[in-house]
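Every number for a ligand or one of its atoms is a count from 1 in the order of the listing. Note that the structure is a prediction, hence the values are computed from the model and not measured.
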Amino acid sequence: MARVSFVHVYKRFDKVDVVRDINLEVKDREFLVLVGPSGCGKSTCLRMIAGLEEPTAGEIYIGDTLVNGVEPKERNVAMVFQNYALYPHMNVFDNMAFSLKLRGVPRQEIKKRVQEAAEILEIAHLLNRKPKELSGGQRQRVALGRAIVRDAQVFLMDEPLSNLDAKLRVQMRAEIIKLHRRVQTTFVYVTHDQVEAMTMGDRIVVLHQGEIQQMGPPQELYDHPANMFVAGFIGSPAMNFFPGAQVVEDEGGVSIMLDGFGRVQVPACYVEKARAAKGRQVIFGIRPEHLRDATLLPAGADTASMIMAPVDVVEHLGSEVQVHMSANGTTVVARLDPRSHPVVGEPLRLQVDAEQIHLFDAETEKAYF
Ligand SMILES: Nc1ncnc2c1ncn2[C@@H]1O[C@H](COP(=O)(O)OP(=O)(O)OP(=O)(O)O)[C@@H](O)[C@H]1O
Ligand SMILES: [Mg+2]
């Protein structure tokens, strides 16, 4: 158990800063997820905690100890890699026991710890098998087991589920959450999958091009993305963006004109912030799940915020209908009630949930709200 802190951490490879000015504190026993697209510096951050890379500048602390220059084996961290890296010639027991043997832990103690870890992970019946005799999910458990026997202060996991099929991934996701609760240790978990990040993290750190874009609890990132990158990265299908939007004010109040689609009334809570964007180039954002088919609205529903455009594609998914519509080169996706019957080529009117709208500056891409 320990917290992990980054203080102005940089990592440079070949004159390029692949990690830039990272300031971050992972709290003791927290499950922190580092998420971002390929190449954004996630693994580099994790490897710096493990001591497999040294920062070019800045400080990393584990607990109160400055670990710059401290050997990996002295850091008391356990790391699970994407490719598991099990020893093929050793059975499951020996794979899990290996690091303990290296440390000279007594035999009885090794046996006890491996047995305990194997029981937690439900692989106690597999201890005599070789890795090639295991399924992907079982190998994954052995890799986790190898980490948990260590009694490490910090668990580091680098895309541990990416080799598994979709169903097993969902199952192992839940297993890892349970494991975290059970071992009560600080977890730093790397993934490029925003669903994994949302479902697993106490807090999420979104990285892009080596810089932190935003950190916070999953719901906060979903509800209040700080910029267009986070807005587009968290949530699926992604948030719709309407370029060429304009903030206008008249007797009716403050609203946002959407080029080719219609207008949205800005609710009272955002009026002040929207006024600050008057005359600026702005981009309006709304998530697909925050649009509703106007034909299904109850009588007397609020029609102050409506958009309309011709339908391009209709996808019936059973639980919902996904509709793509476009105007003036902008495509919008909506997730509608399955009772909705949009027709390709016909215009579709949608109500915008005005409480859920977002507005970004076109130049800085930062959110006004
Ligand atoms: N040893 C190295 N030498 C030179 N460049 C490196 C080295 N390791 C990583 N990089 C570069 O640093 C950047 C960040 O790499 P990193 O592995 O941290 O990305 P990542 O976010 O983990 O990506 P992925 O999701 O693909 O695993 C990349 O552009 C990568 O090419
Ligand atoms: Mg990586």
Student: Can you tell me which residue and heavy atom of the protein come closest to atom 6 (C) of ligand 1, and the distance to 0.1 Å?
Tutor: F13 CD1, 3.2 Å
Student: Quick one: look up the protein heavy atom nearest atom 26 (O) of ligand 1 and list residue, atom name and how far away it is.
Tutor: S38 OG, 2.5 Å
Student: Going by the order shown, which atoms of ligand 1 are within less than 4.0 Å of some heavy atom of T44?
Tutor: 14 (C), 15 (O), 16 (P), 18 (O)
Student: Side-chain donor-acceptor pair under 3.5 Å between Q213 and E211, yes or no?
Tutor: no
Student: From atom 23 (O) of ligand 1, work out which of S162, G39, C45, C40 has a heavy atom at the shortest distance.
Tutor: G39
Student: With a cut-off of 2.8 Å, does any N, O or S atom of Q82 fall short of it relative to the Mg ion (ligand 2)?
Tutor: no
Student: Answer yes when R292 and D337 have at least one side-chain N-carboxylate O distance shorter than 4.0 Å, and no when they do not.
Tutor: no
Student: So how far is it from L161 CG to R169 CZ, rounded to the nearest 0.5 Å?
Tutor: 7.5 Å
Student: Yes or no, since that's all I need: does a protein heavy atom fall within a distance strictly under 4.0 Å of atom 9 (C) of ligand 1?
Tutor: yes
Student: Taking atom types as modelled and ignoring hydrogens, do the side chains of Q82 and S162 form a donor-acceptor contact shorter than 3.5 angstrom?
Tutor: yes
Student: Name the residue from T186, L24, D202, I204 that meets the side-chain contact (heavy atoms from CB on, under 4.5 Å) definition with L32.
Tutor: L24
Student: Can you figure out which of P37, G36, S43 has its heavy atom closest to atom 22 (O) of ligand 1?
Tutor: S43
Student: Do D94 and Y87 have side-chain atoms, one donor and one acceptor, less than 3.5 Å apart?
Tutor: no
Student: To the closest 0.5 Å, what do you measure between OG (S5) and CG (N23)?
Tutor: 10.0 Å
Student: Is the Lys NZ or Arg CZ of R275 less than 6.0 Å from the centre of Y368's six-membered ring, within 45° of the axis?
Tutor: no
Student: Return the closest protein heavy atom for atom 25 (O) of ligand 1 as residue, atom name and distance.
Tutor: K42 NZ, 2.8 Å
Student: Show me which atoms of ligand 1 lie under 4.0 Å from any heavy atom of V18.
Tutor: 11 (C), 12 (O), 13 (C)
Student: Under 4.0 Å from atom 31 (O) of ligand 1, do we find at least one protein heavy atom?
Tutor: no
Student: Which ligand 1 atoms does E159 reach within 4.0 Å, using its non-hydrogen atoms?
Tutor: 25 (O)
